[in-house]
J.: 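Starting off with a structure, shown below.
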Amino acid sequence: MEIQIDDMEHRVRKVIAEHREEAGFPKLEDYGVSEEEFDDYLFDKQAVIDDIDSLKKKYTIYSIIFIIPFVVIAFYETTVRNTLIATGCGLLLCLAYYLLTLLVRKIRMSRMNNEAIERYITDVMKYQDQ
């Protein structure tokens, strides 16, 4: 049984490997980018995507964030009202963390953005769809 890895980096590399020699396929040199720059960019972009999308890490962090208000509320009288407040605070903290991770991801992607390489990747994926 062969393991299939389906992420952005592997999809782009697969299309390039399958169609590199065909006429009309986008050439990296036409975009003014070296092979090394392209490899580094693709690796770094996939690392940003993988860092945010790790399910085990994501569930662990969300669980800890959600439980924090319950730990704090445990020092006070246990009532239905306090439990509802802790639940609401936990959900708000999880939402805040989610929005923060989206912001960090967007900032990291914009800092490393290279228009020439992005155009090449877009053209490669368009070529596959033809």
Side-chain angles (χ1 to χ4, degrees):
M1 180 174 161
E2 185 177 322
I3 297 174
Q4 283 282 55
I5 298 175
D6 187 30
D7 57 18
M8 186 269 313
E9 180 181 12
H10 285 90
R11 282 192 309 261
V12 171
R13 290 191 189 281
K14 181 179 178 188
V15 172
I16 292 172
E18 290 174 353
H19 303 287
R20 175 174 275 166
E21 303 302 324
E22 295 178 14
F25 186 75
K27 302 292 181 200
L28 195 55
E29 300 81 34
D30 297 340
Y31 295 83
V33 178
S34 71
E35 187 76 31
E36 185 176 317
E37 287 174 321
F38 176 71
D39 289 341
D40 290 344
Y41 181 82
L42 211 51
F43 179 80
D44 291 342
K45 186 171 183 174
Q46 187 62 48
V48 170
I49 293 169
D50 290 344
D51 184 44
I52 303 298
D53 291 337
S54 170
L55 284 179
K56 185 176 181 182
K57 175 183 171 186
K58 189 183 293 187
Y59 290 150
T60 303
I61 291 173
Y62 282 121
S63 299
I64 292 170
I65 290 173
F66 185 76
I67 290 173
I68 290 173
F70 289 96
V71 171
V72 172
I73 213 82
F75 292 108
Y76 299 98
E77 181 182 351
T78 305
T79 63
V80 173
R81 180 175 169 245
N82 286 348
T83 304
L84 291 175
I85 290 172
T87 303
C89 289
L91 291 174
L92 286 175
L93 287 173
C94 288
L95 178 65
Y97 177 73
Y98 173 74
L99 294 174
L100 182 67
T101 58
L102 286 179
L103 179 66
V104 167
R105 181 183 202 175
K106 187 173 185 168
I107 290 171
R108 287 178 67 187
M109 291 294 241
S110 67
R111 283 186 182 166
M112 66 178 284
N113 193 21
N114 184 326
E115 287 299 319
I117 296 175
E118 285 296 328
R119 274 187 287 122
Y120 176 70
I121 292 171
T122 303
D123 291 346
V124 165
M125 297 314 283
K126 282 182 186 175
Y127 185 85
Q128 178 199 19
D129 294 337
Q130 293 178 2

J.: Can I get a per-line list of side-chain donor-acceptor pairs under 3.5 Å for residues 77-88, giving both atom names and the distance, sequence neighbours left out?
T.:
{"unit_1": "Thr79", "atom_1": "OG1", "unit_2": "Asn82", "atom_2": "N", "d": "3.1"}
{"unit_1": "Asn82", "atom_1": "ND2", "unit_2": "Glu77", "atom_2": "O", "d": "2.5"}
{"unit_1": "Thr83", "atom_1": "OG1", "unit_2": "Thr79", "atom_2": "O", "d": "2.9"}
{"unit_1": "Thr87", "atom_1": "OG1", "unit_2": "Thr83", "atom_2": "O", "d": "2.9"}

J.: Can you list the residues that meet the ring pair (Phe, Tyr, Trp, His ring centres under 6.0 Å) rule with Tyr127, with sequence neighbours excluded?
T.: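 If we apply the ring pair (Phe, Tyr, Trp, His ring centres under 6.0 Å) test to Tyr127, skipping adjacent residues, the hits are His19, Phe25.
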J.: Once side chain to side chain donor-acceptor pair (under 3.5 Å) is applied, do any residues pair with Asp40, and if so which ones, sequence neighbours excluded?
T.: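 Side chain to side chain donor-acceptor pair (under 3.5 Å) list for Asp40, sorted by chain: empty.
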J.: Minimum heavy-atom separation for Leu28 to Ser34, with atom names?
T.: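 Closest approach of Leu28 to Ser34, heavy atoms only: CD2-O, 3.8 Å.
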J.: When you measure from the side chain of Glu9 to the backbone of Gln46, do you find a donor-acceptor pair of N or O atoms at a distance under 3.5 Å?
T.: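 Side chain of Glu9 to backbone of Gln46: no pair is present.
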J.: Is it true that a side-chain atom of Lys106 and a backbone atom of Thr101 form a donor plus acceptor pair closer than 3.5 Å?
T.: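 Not a single qualifying donor-acceptor pair exists.
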J.: Can you pull out every ring pair (Phe, Tyr, Trp, His ring centres under 6.0 Å) where at least one residue sits in residues 71-102? Sequence neighbours excluded, please.
T.: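 Checked against ring pair (Phe, Tyr, Trp, His ring centres under 6.0 Å) - neighbours excluded - the pairs reaching residues 71-102 are Tyr62-Tyr97.
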J.: Do you reckon Tyr41 sits in the same ILVMFWY cluster as Met109, going by side-chain contacts under 4.5 Å, direct or chained?
T.: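 Yes, one cluster joins them.
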J.: List the residues meeting side chain to side chain donor-acceptor pair (under 3.5 Å) with Glu29, not counting sequence neighbours, and say none if there are none.
T.: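 Per chain and number, Glu29 pairs via side chain to side chain donor-acceptor pair (under 3.5 Å) with no residue.
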J.: Just jot down the salt bridge (charged side-chain N to carboxylate O under 4.0 Å, His left out) partners of Glu18, sequence neighbours excluded, or say none.
T.: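 None.
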J.: With sequence neighbours left out, what residues match Leu95 under side chain to side chain contact (heavy atoms under 4.5 Å, CB included)?
T.: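 In terms of side chain to side chain contact (heavy atoms under 4.5 Å, CB included), with neighbours along the sequence ignored, Leu95 is linked to Leu99.
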J.: Provide the closest heavy-atom pair for Lys45 versus Met112 in the form atom of the first, atom of the second, distance.
T.: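 Looking at all heavy atoms of both residues, the shortest contact is N-CE, 3.2 Å.
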J.: Please find the pair of heavy atoms, one from Ala116 and one from Val33, that lie closest to each other, and give the distance.
T.: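 For Ala116 versus Val33, the nearest heavy atoms are CB-CG2, 3.7 Å.
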J.: Please go through Leu91's hydrophobic cluster and name the other residues, only I, L, V, M, F, W, Y counting, with side-chain heavy atoms under 4.5 Å joining them.
T.: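 Its cluster mates, by chain and number, are Phe66, Phe70.
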J.: Using the test salt bridge (charged side-chain N to carboxylate O under 4.0 Å, His left out), find all partners of Asp39 that sit at least two apart in sequence or belong to another chain.
T.: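 Salt bridge (charged side-chain N to carboxylate O under 4.0 Å, His left out) list for Asp39, sorted by chain: Arg13.
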J.: Tell me whether Ile16 is reachable from Met8 by hopping between hydrophobic residues (I, L, V, M, F, W, Y) whose side-chain heavy atoms are closer than 4.5 Å.
T.: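 They do share one cluster, since a chain of ILVMFWY contacts under 4.5 Å joins Met8 to Ile16.
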J.: Give a yes or no on whether Glu35 atom CD has more than 12 heavy-atom contacts from other residues, nucleotides or ligands under 6.0 Å away.
T.: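 Correct, the count exceeds 12.
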J.: Tracing side-chain links under 4.5 Å among I, L, V, M, F, W and Y, which residues wind up in one group with Ile73?
T.: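 Under the 4.5 Å side-chain rule, Ile73 groups with nothing.
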J.: Apart from Leu103 itself, which Ile, Leu, Val, Met, Phe, Trp or Tyr residues share its cluster (side-chain heavy atoms under 4.5 Å, direct or through members)?
T.: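 So far as hydrophobic clustering goes, Leu103 is joined with Ile107.
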J.: Under the ring pair (Phe, Tyr, Trp, His ring centres under 6.0 Å) rule, collect the residues that match up with Tyr120, sequence neighbours excluded.
T.: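 Only Tyr31, Phe38 meet the ring pair (Phe, Tyr, Trp, His ring centres under 6.0 Å) criterion with Tyr120.
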J.: Which heavy atom of Val124 sits nearest to which heavy atom of Val12, and what is that distance?
T.: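 Closest pair (atom of Val124, atom of Val12, distance): CG1-O, 4.4 Å.
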J.: Please round to the nearest 0.5 Å and tell me the distance separating atom CD1 of Ile67 and atom SG of Cys94.
T.: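 Reported to 0.5 Å precision, the distance equals 9.5 Å.
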J.: Any side-chain heavy atom of Lys126 within less than 4.5 Å of one from Thr122?
T.: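 In short, these two side chains touch, coming nearer than 4.5 Å.
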